[in-house]
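These notes concern the structure reproduced below.
In what follows, every heavy atom counts, from backbone to side chain, and hydrogens, waters and symmetry copies are set aside. Keep in mind it's a predicted model, so treat the numbers as computed, not measured.
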Amino acid sequence: MNEEDGFRPNEFHHALDTELAALTAPALGDLVGLAAKGGRRKRRLRAAGAAVGSVTAVAALALLVGSLGTGPAQSTTAGPATGLGPAAAPAAVSASPSASATPTAQADPLVPVTAASLLDAVVKSLPAGLTADNFRANQAKYPIVDGIGYPAVFAYVNTSAGVGRIGVGAFQSDPEQPACLAGTHGKITTVCSTSPTGDVVEVDTNPTNCIQTTRVTVHRPQNLGVAIDISSCLNWTNGQNPPAVPALTQEQAVALASSPLIGTSMPSAFVAAANAKYPALPAPQ
């Protein structure tokens with residue numbers, strides 16, 4: 001499958017609804033890249049006094065969704081997120097007799113997220129008992145902010161009710177834009193709420209697009225957005241769209257998007273290990 005349109009908080013919003021409405025098949029463009037474009041277009045529309053329309057846009061990740069039909073036969077049992085987070089704490093320091101602080105250990109430096117590390121963080125953060133496979137990804141090749149691109153990842157999720165599909169993207173949002181714009185914009189209905197930790201939660205629903213039926217975006221501190229698409233079909237290939245069960249509840253999607261493992265930068269050791277674990281993620285088709 002190809003991915004979907006936009007995928008961003010302000011950037012993963014409703015800027016491509018009119019385009020979607022003109023298509024018979026779900027629009028499967030870049031998850032994070034189109035999200036950013038959507039945010040810029042919304043700013044222009046708002047400045048002109050026009051109505052905001054279209055789909056909420058990582059990663060990417062922004063990312064959400066690409067075809068997962070023929071991904072590698074990788075399957076991982078996931079549990080609650082533990083261990084390394086995207087923002088590793090600084091190493092402890094001790095004062096020398098001269099009163100200068102000397103690091104006792106080198107903190108693992110943060111590096112930009114890769115598709116593999118985003119996928120690994122997502123799999124590790126899935127609710128306990130769920131498994132994921134058929135992994136695909138859009139690599140970070142689209143300049144979103146300051147020339148930096150964010151990847152988006154896609155996976156089938158095996159639940160007790162059947163197989164579902166998600167797309168995930170993490171991205172840096174535009175601080176000048178509101179985190180959530182409630183209301184109906186074309187075929188998209190947006191509802192705003194607050195997560196248990198106080199973050200703004202944006203839920204977009206679009207019954208006309210099985211790839212982006214529900215998009216849950218959590219707007220976290222430091223302009224970090226994490227968006228998750230919950231699809232009602234597994235893919236759209238050659239005009240086929242096999243049905244999917246909801247991979248996550250909205251509450252589970254909020255918890256996943258709030259995982260400290262997921263971000264636009266991660267500890268270098270985590271990224272290196274993930275790159276080795278998933279060396280060749282196929283692109284959505």
[atom1]/[X] to [atom2]/[Y] distance, rounded to the nearest 0.5 angstrom?
| X | Y | atom1 | atom2 | value |
| --- | --- | --- | --- | --- |
| Met266 | Leu261 | CE | CG | 7.0 Å |
| Gln222 | Thr264 | CD | OG1 | 9.0 Å |
| Ser195 | His219 | OG | NE2 | 11.0 Å |
| Asn209 | Ser232 | CG | OG | 8.0 Å |
| Gln252 | Leu126 | CD | CG | 9.0 Å |
| Asn235 | Ile211 | CG | CD1 | 7.0 Å |

State, yes or no, whether a side-chain contact exists between [X] and [Y] at a heavy-atom distance under 4.5 Å.
| X | Y | value |
| --- | --- | --- |
| Tyr156 | Arg136 | no |
| Thr213 | Thr205 | no |
| Leu234 | Pro243 | no |
| Ile262 | Leu256 | yes |
| Val122 | Val153 | yes |
| Ile166 | Leu248 | yes |
| Val245 | Val163 | no |
| Thr217 | Val226 | no |

Evaluate side chain to side chain contact (heavy atoms under 4.5 Å, CB included) for Thr194 paired with Val200, printing each intermediate quantity in order. CA-CA 5 Å; Thr194 303; Val200 174; 5.7 Å; no

Closest contact, heavy atoms only, [X] versus [Y]:
| X | Y | result |
| --- | --- | --- |
| Cys180 | Val191 | SG-O, 4.1 Å |
| Ala244 | Gly164 | CB-CA, 4.0 Å |
| Pro175 | Asn223 | CB-OD1, 3.6 Å |
| Ala155 | Phe135 | CB-CD2, 3.5 Å |
| Asp108 | Pro267 | OD2-CB, 3.3 Å |

Do side-chain atoms of [X] reach the backbone of [Y] as a donor and acceptor pair under 3.5 angstrom?
| X | Y | answer |
| --- | --- | --- |
| Ser117 | Val113 | no |
| Arg220 | Gly263 | no |
| Ser265 | Val111 | no |
| Asp199 | Val218 | no |
| Gln139 | Tyr150 | no |

Step-by-step side chain to side chain contact (heavy atoms under 4.5 Å, CB included) determination, Leu110 to Ser268: CA-CA 6 Å; Leu110 298 180; Ser268 61; over 6 Å; no

Result for side chain to side chain contact (heavy atoms under 4.5 Å, CB included) between Thr214 and one of Ile228, Asn206, Ile230 points to Ile230

